[in-house]
Undergrad: 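My questions will all concern the structure given below.
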Number of protein chains: 2
Amino acid sequence: MENRLEKIKKQLHASSYKLTPQREATVRVLLENESDHLSAEDVYLLVKEKSPEIGLATVYRTLELLTELKIVDKINFGDGVSRYDLRQEGAAHFHHHLVCIECGSVEEIQEDLLEDVEVIVEKRWKFQVKDHRLTFHGICHRCQKEHEKEKPKTKNASI
Amino acid sequence: MENRLEKIKKQLHASSYKLTPQREATVRVLLENESDHLSAEDVYLLVKEKSPEIGLATVYRTLELLTELKIVDKINFGDGVSRYDLRQEGAAHFHHHLVCIECGSVEEIQEDLLEDVEVIVEKRWKFQVKDHRLTFHGICHRCQKEHEKEKPKTKNASI
DNA sequence: ATCCGTGCAAATGATTTGCAAGTCG
DNA sequence: CGACTTGCAAATCATTTGCACGGAT
């Protein structure tokens with residue numbers, strides 16, 4: 001944890017930005033809630049718990065900065081807000097998401113899975129792929145199990 | 001063209017909505033600019049050319065309605081606006097996009113390309129895929145050619 | 001002193017909503 | 001009549017910006 005913070009500090013310095021207390025608090029919240037896909041407001045509220053003096057605008061500015069430096073990715077699931085997601089350690093590419101249309105949960109997929117598809121796109125459309133965004137919408141494992149409870153599966157469910 | 005409009009009219013009626021003149025004008029604009037990824041404002045301006053009395057709110061309401069009925073897809077490329085894209089005739093799935101990070105152009109890919117990936121996701125994550133959204137960010141063919149002009153490629157480009 | 005970074009409040013821009021009036025079966 | 005639609009203006013919500021102050025070099 002601490003070493004990831006150190007690394008981010010170096011990345012900031014490399015572009016001559018400082019890791020101010022506000023920025024550090026913001027990054028810490030991101031690190032501590034890595035799998036949560038927080039919105040700017042979410043981050044703001046969490047940062048505020050430990051550093052009540054911080055302003056919302058500062059959080060926005062910090063998230064924008066981190067996005068520029070590709071330390072986080074700004075994502076959008078179609079609700080009205082942007083969400084911010086830390087990049088994995090050495091990930092060249094963005095990771096994928098599984099959004100459940102029933103319970104709204106979001107799972108992450110770290111595996112690339114798109115190597116083959118990218119080759120096809122580069123060949124067939126002559127498009128030089130730099131990054132991608134892939135989201136699947138569907139029903140998560142938990143919700144599927146919920147359904148089975150309601151309507152218990154028999155050997156021969158049809159009719 | 002006309003038959004697609006007819007089809008949409010039926011889809012509306014099936015959910016007991018009418019194809020009012022305003023809605024028809026909006027749908028026509030979408031049909032006539034099918035590959036353009038128009039924002040609500042874009043649609044509004046285009047509709048206004050032929051039907052100046054229409055209100056922006058009506059366009060928003062129509063687009064929302066069409067989205068609900070899955071006649072169009074609401075997409076978001078990360079600029080501040082939502083864009084609206086007609087679904088292909090019988091497409092169960094959403095088509096993909098190639099967004100050029102240099103000139104901003106957007107190409108569409110109708111091919112699925114994700115069959116294999118979806119099988120993996122369903123197996124490995126036990127996630128029942130219903131739809132997907134895939135966008136590649138990179139450099140389009142035209143912009144690549146622009147680069148070659150500036151810096152003509154020799155047999156041995158290095159050094 | 002100079003810059004960078006911050007907080008606050010005001011501004012912006014996209015989208016939504018309330019409501020009174022219109023349409024059409 | 002009565003449900004569905006509309007246009008307009010006002011409201012809302014996320015995000016951005018202007019600006020004067022504060023802290024570090």
Side-chain angles (χ1 to χ4, degrees), chain A residues 8-9 11-29 37-69 71-85, chain B residues 8-30 37-69 71-85:
Chain A
I8 289 170
K9 184 172 179 179
Q11 288 176 269
L12 285 170
H13 285 164
S15 304
S16 35
Y17 293 110
K18 296 170 204 159
L19 185 62
T20 63
Q22 290 88 337
R23 286 177 184 164
E24 179 174 332
T26 303
V27 170
R28 277 184 188 284
V29 163
H37 306 92
L38 302 173
S39 68
E41 182 102 28
D42 294 338
V43 174
Y44 171 61
L45 293 173
L46 287 168
V47 172
K48 226 168 150 52
E49 287 177 11
K50 301 207 172 170
S51 318
E53 353 63 62
I54 202 169
L56 177 57
T58 301
V59 171
Y60 270 104
R61 283 186 279 231
T62 301
L63 292 171
E64 190 198 356
L65 179 60
L66 295 172
T67 304
E68 262 171 37
L69 299 184
I71 293 166
V72 306
D73 282 301
K74 189 175 179 178
I75 49 180
N76 199 305
F77 290 133
D79 50 347
V81 292
S82 293
R83 297 175 180 280
Y84 298 84
D85 220 354
Chain B
I8 289 170
K9 183 172 179 177
K10 278 179 197 146
Q11 288 175 268
L12 285 170
H13 286 165
S15 304
S16 33
Y17 293 110
K18 297 171 202 156
L19 185 63
T20 63
Q22 291 88 338
R23 286 177 184 164
E24 179 174 333
T26 303
V27 170
R28 278 185 188 282
V29 163
L30 291 175
H37 306 93
L38 303 173
S39 68
E41 180 102 28
D42 294 336
V43 174
Y44 170 61
L45 292 173
L46 287 167
V47 172
K48 226 171 150 56
E49 287 177 10
K50 302 208 171 168
S51 317
E53 353 62 64
I54 202 168
L56 177 57
T58 302
V59 171
Y60 270 104
R61 282 185 280 230
T62 301
L63 292 172
E64 190 199 356
L65 179 60
L66 295 173
T67 304
E68 261 171 39
L69 300 184
I71 293 167
V72 306
D73 282 301
K74 187 176 180 179
I75 49 180
N76 198 304
F77 290 134
D79 50 348
V81 291
S82 293
R83 298 174 179 282
Y84 297 84
D85 220 353

Undergrad: Please figure out whether B/Ala40 or B/Pro21 has its closest DNA chain C nucleotide nearer the 5' end.
TA: B/Ala40
Undergrad: Would you list the pairs meeting salt bridge (Lys or Arg N to Asp or Glu O under 4.0 Å) in which at least one residue belongs to residues 13-27 of chain A, sequence neighbours left out?
TA: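 Counting only pairs at least two positions apart or across chains, the salt bridge (Lys or Arg N to Asp or Glu O under 4.0 Å) contacts touching residues 13-27 of chain A are A/Glu24-A/Arg28.
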Undergrad: What residues in residues 72-81 of chain A put a non-hydrogen atom under 4.0 Å from any atom of DNA chain C?
TA: none
Undergrad: Let me know the distance between CG of A/Leu65 and C1' of D/dT15, rounded to the nearest Å.
TA: 16 Å
Undergrad: Kindly state which residues belonging to residues 53-60 of chain A come within less than 4.0 angstrom of DNA chain C, counting heavy atoms of the residue only, listed by number.
TA: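 Contacts with DNA chain C under 4.0 Å: A/Glu53, A/Ile54, A/Gly55, A/Ala57, A/Thr58.
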Undergrad: Send over the distance from B/Gln22 CD to D/dG7 P, rounded to a whole Å.
TA: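 It works out to 4 Å between those atoms.
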Undergrad: Are A/Gln11 and A/Ile71 close enough, and set up right, to give a side-chain contact (heavy atoms from CB on, under 4.5 Å), and what steps lead you there?
TA: CA-CA 8 Å; A/Gln11 288 176 269; A/Ile71 293 166; 3.6 Å; yes
Undergrad: According to salt bridge (Lys or Arg N to Asp or Glu O under 4.0 Å), who are the partners of A/Asp42, at least two apart in sequence or on a separate chain?
TA: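 Result, salt bridge (Lys or Arg N to Asp or Glu O under 4.0 Å) vs A/Asp42: A/Arg83.
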Undergrad: Can you pull the contact range of chain B along DNA chain C, 5' to 3', using atoms under 4.0 angstrom from its heavy atoms?
TA: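 First and last nucleotides in contact are C/dA14 to C/dG18.
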Undergrad: Residues in side chain to side chain donor-acceptor pair (under 3.5 Å) with A/Asp85, at least two apart?
TA: A/His37, A/His95, A/His97
Undergrad: Can you measure B/Glu64 atom CD to D/dT6 atom P for me and round it to whole angstrom units?
TA: 13 Å
Undergrad: If you look at every strand shown and take non-hydrogen atoms under 4.0 Å, does B/Arg23 touch a base, only sugar-phosphate, or nothing?
TA: sugar-phosphate
Undergrad: Hey, what do you get for CG (A/Leu69) to CG (A/Leu12), rounding to the nearest 0.5 Å?
TA: 6.0 Å
Undergrad: Calculate the interatomic distance between B/Lys48 atom NZ and D/dG7 atom C1'; express it in whole Å.
TA: 10 Å
Undergrad: Select base, sugar-phosphate, or nothing to describe what B/Ser82 touches, counting heavy atoms under 4.0 Å on all strands.
TA: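 Sugar-phosphate, backbone atoms only, no base.
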Undergrad: Given atom CZ of A/Arg83 and atom P of D/dC13, what is their separation to the nearest angstrom?
TA: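 A/Arg83 atom CZ is separated from D/dC13 atom P by 16 Å.
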Undergrad: Can you give each donor-acceptor pair under 3.5 Å made by side-chain atoms of residues 46-65 of chain B, sequence neighbours left out, with the distance rounded to 0.1 Å?
TA:
residue : atom : partner : partner atom : Å
B/Lys48 : NZ   : B/Tyr44 : OH           : 3.2
B/Lys48 : NZ   : B/Pro52 : O            : 3.3
B/Thr62 : OG1  : B/Thr58 : O            : 2.8

Undergrad: If the condition is ring-ring contact (aromatic ring centres under 6.0 Å, His included), which residues does B/Tyr17 pass it with, not counting sequence neighbours?
TA: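 B/Tyr17 satisfies ring-ring contact (aromatic ring centres under 6.0 Å, His included) with no residue once adjacent residues are dropped.
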Undergrad: Identify each atom pair where a protein N or O and an N or O of nucleotides 20-23 of chain D are less than 3.5 Å apart, giving names and distance.
TA:
none

Undergrad: Figure out the CG/P separation between A/Leu38 and D/dT15, and round it to whole Å.
TA: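 One finds 13 Å between P of D/dT15 and CG of A/Leu38, rounded.
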Undergrad: Quick check for you: to the nearest 0.5 Å, what is the distance between A/Asp73 atom CG and A/Tyr84 atom OH?
TA: 11.5 Å
